[in-house]
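First the structure, in the form of structure tokens, and then the observations on it.
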Amino acid sequence: MIHHASEIPESFLAKWQKTADVMAGIFDVPAGLIMRVLPDEIEVLVASRGEDNPYEAEEKAKLNTGLYCETVMATRALLHVPHALEDPHWAHNPDVALNMVSYLGVPLMWPDNEVFGAICVLDNKKRDYQDKYVELLWEIKKSIERDFVVIEQQRQLVANNNELRGALERLTALQDELLRSEKLAALGAVVAGISHELNTPIGNSLLAASTLQCHAADFAADMGRGLTRSRMQEFVGTVEQGAAILMRSLEHAAKLLGTFKQLVEDQSAADRRRFDLGDTVRKVLVELGHAIQDSGHRVHCAIEPGIEMESYPQQLALVVTHLVSNAVRHAFLPGTGGTVRISAQPDGLGQVALTVSDDGVGIPQANLGRVFDPFFTTRLGHGGSGLGLHIVYKLVTATLHGSVEVSSEPGQGACFTVVLPLSAPAAMQKPETGTRIQRT
């Protein structure tokens with residue numbers, strides 16, 4: 001993988017410049033360098049500032065010319081050359097022409113384990129570096145590679161933000177449909193809730209990234225005064241904590257984006273095949289295992305083996321995922337444990353009724369007729385986007401060619417019943433009207 005100059009933020013280049021200057025001073029050498037490999041060249045990315053340093057930033061040299069750093073990158077290992085003129089292997093390498101006869105360098109690795117380049121010191125006299133200098137160079141390498149992790153996370157954050165903005169644009173396109181459906185009054189709440197859901201992980205990520213950048217700048221300043229092991233350990237801990245916050249926020253944003261995509265994208269089915277209903281549902285519960293365990297609730301599957309279907313298992317699995325997730329997140333009061341039960345019963349007429357029921361607080365009668373509407377939720381802006389049950393409705397009616405209904409009594413839990421043909425049509429057929437039945 002090649003990493004171009006435009007991909008390194010100026011703030012990190014400035015920090016690494018200070019690192020190279022401090023490194024050259026500690027090692028008492030004319031040249032401290034951070035090198036980067038390009039497609040056909042090797043580049044001096046950062047060079048220590050000093051009158052005796054023959055190298056300048058942005059200088060480039062052709063590869064395969066025998067440079068010290070080429071060997072470091074090829075072997076991915078430390079290279080120590082005390083005196084090139086005393087070593088026949090190195091006596092004629094190009095750096096000798098600049099009177100750089102001693103070399104100590106280690107590779108720099110990008111987070112995906114691809115070679116970024118090398119960090120090294122060079123001198124115009126013989127140098128046999130003690131172990132403490134070698135250890136220091138490895139520590140500087142680790143510091144720069146931790147910067148690589150932050151750079152990659154920031155790049156991923158930008159990419160996710162762009163994708164999220166694209167999703168917001170697609171969601172905005174739903175405005176016309178909402179207007180035609182006389183839902184103009186709900187539009188303001190919808191946009192506000194979606195913006196809140198997306199802004200929270202984005203804001204957390206930006207805060208974590210900026211905090212890491214500040215800590216990195218402080219650490220770079222401390223390097224000029226000398227570093228203790230405890231200071232380095234503190235910095236490593238800060239980076240790890242910040243990286244963990246970034247990853248959690250990005251995963252949350254990606255999960256939200258996945259839900260939005262399910263709404264705005266065509267849920268076409270192209271995987272029609274024979275499968276066992278109970279096996280498919282149990283696989284879903286395995287995938288939801290951690291979420292169910294964290295909720296503190298129980299999910300019991302009572303589907304007997306032998307219910308064979310000729311349908312679309314991926315879409316059916318998505319229906320079950322949303323129904324179970326909706327139950328464990330919304331059916332029970334905080335701090336209480338509940339049970340979700342899944343069962344299925346063929347009717348002997350080529351259909352099967354799949355039910356997902358709970359013993360939670362139930363759904364108010366006023367809301368029963370709206371639970372499948374897009375963006376309807378009692379938790380908008382607080383962890384609920386109001387899209388899950390609408391996606392269930394779309395999949396059941398348009399893809400699986402069935403019907404879905406909900407029944408509930410306050411305080412007596414809720415029951416979602418999905419009626420599906422055991423053998424779904426092989427070709428996509430959009431029903432003229434979807435069946436959405438409400439029971440009381």
Side-chain angles (χ1 to χ4, degrees), residues 262 267 269-332 337-363 368 371-372 388-409 412-426 431 434-439:
Q262 289 172 17
Q267 294 291 340
D271 63 330
R272 184 177 181 273
R273 61 180 174 85
R274 180 171 292 277
F275 60 94
D276 184 275
L277 175 59
D279 289 344
T280 298
V281 172
R282 279 182 279 271
K283 288 177 182 177
V284 171
L285 297 183
V286 170
E287 294 175 355
L288 294 175
H290 288 298
I292 294 171
Q293 184 177 3
D294 292 344
S295 73
H297 308 306
R298 299 176 300 277
V299 179
H300 176 65
C301 179
I303 301 177
E304 296 293 334
I307 302 178
E308 296 287 333
M309 298 185 67
E310 187 84 21
S311 188
Y312 305 98
Q314 293 183 9
Q315 285 71 22
L316 178 56
L318 193 55
V319 168
V320 175
T321 297
H322 281 297
L323 288 176
V324 173
S325 298
N326 181 74
V328 297
R329 291 182 61 188
H330 303 298
F332 309 102
T339 301
V340 179
R341 293 179 173 83
I342 306 174
S343 61
Q345 184 64 46
D347 65 358
L349 300 174
Q351 295 189 119
V352 61
L354 174 69
T355 60
V356 179
S357 60
D358 62 74
D359 56 4
V361 296
I363 301 173
L368 276 176
V371 294
F372 296 105
L389 292 180
H390 180 64
I391 292 171
V392 168
Y393 176 75
K394 284 183 61 179
L395 288 170
V396 170
T397 59
T399 303
L400 298 173
H401 304 279
S403 62
V404 57
E405 62 178 33
V406 59
S407 61
S408 179
E409 290 289 343
Q412 302 297 317
C415 178
F416 289 83
T417 302
V418 179
V419 179
L420 302 171
L422 291 172
S423 180
T435 304
R436 195 177 358 172
I437 302 173
Q438 172 185 327
R439 256 190 341 202

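Values below: all heavy atoms of this structure, side chains included; hydrogens, waters and symmetry mates excluded.
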Counting only heavy atoms not in Arg282, do more than 12 fall under 6.0 Å of its CZ?
yes
First locate atom NZ of Lys394, then atom CG of Leu389, and finally report the distance between them rounded to the nearest 0.5 Å.
14.0 Å
Atom CE of Met309 and atom CG of Leu422: how far apart are they, to the nearest 0.5 Å?
5.5 Å
So OG of Ser311 and CG of Leu400: to nearest 0.5 Å the spacing works out to 5.0 Å
Which value, rounded to the nearest 0.5 Å, describes the distance between Gln293 atom CD and Arg298 atom CZ?
13.5 Å
Which residues share a side chain to side chain contact (heavy atoms under 4.5 Å, CB included) with Ala317, sequence neighbours left out
Thr280, Val284
Do the side chain of Ser325 and the main chain of His322 share a donor and acceptor less than 3.5 angstrom apart?
no
When you measure from the side chain of His297 to the backbone N and O of Gly338, does any donor-acceptor pair fall under 3.5 Å?
yes
With a 4.5 Å cut-off on side-chain heavy atoms, are Leu323 and Val418 touching?
yes
Quick one: are Ser408 and Leu368 in side-chain contact, heavy atoms under 4.5 Å?
yes
Ile363 side, atom CD1; Gln412 side, atom CD - distance, nearest 0.5 Å
13.5 Å
Could you tell me the separation between the CZ atom of Arg274 and the CD atom of Glu310, rounded to the nearest 0.5 Å?
5.0 Å
Which atom of Leu420 lies closest to which atom of Gly402, heavy atoms considered:
CD2-CA, 4.1 Å
Mind listing the closest non-hydrogen atom pair of Gly306 and Asp276 along with its distance?
N-OD2, 2.9 Å
Heavy-atom pair of closest approach, residues Ser423 and Arg272:
OG-NH2, 3.3 Å
Parallel, tilted or perpendicular for Tyr393 and Phe372, by the 30°/60° rule?
tilted
Could you give the side-chain donor-acceptor pairs of residues 347-359 under 3.5 Å, partners two or more places apart or in another chain?
from	atom 1	to	atom 2	distance (Å)
Asp347	OD1	Leu349	N	2.7
Asp347	OD1	Gln351	N	3.1
Asp347	OD2	Gln351	NE2	3.4
Thr355	OG1	Ser343	OG	2.6
Asp358	OD1	Gly360	N	2.9
Asp358	OD1	Ala414	N	3.3
Asp359	OD1	Thr339	N	3.0

Steps toward side-chain contact (heavy atoms from CB on, under 4.5 Å) verdict (Tyr312, Leu395):
CA-CA 10 Å; Tyr312 305 98; Leu395 288 170; over 6 Å; no
For Phe275, enumerate each residue passing the ring-ring contact (aromatic ring centres under 6.0 Å, His included) test, keeping only those at least two apart in sequence or located in another chain.
none
Closest contact, heavy atoms only, Thr417 versus Cys415:
OG1-SG, 3.8 Å
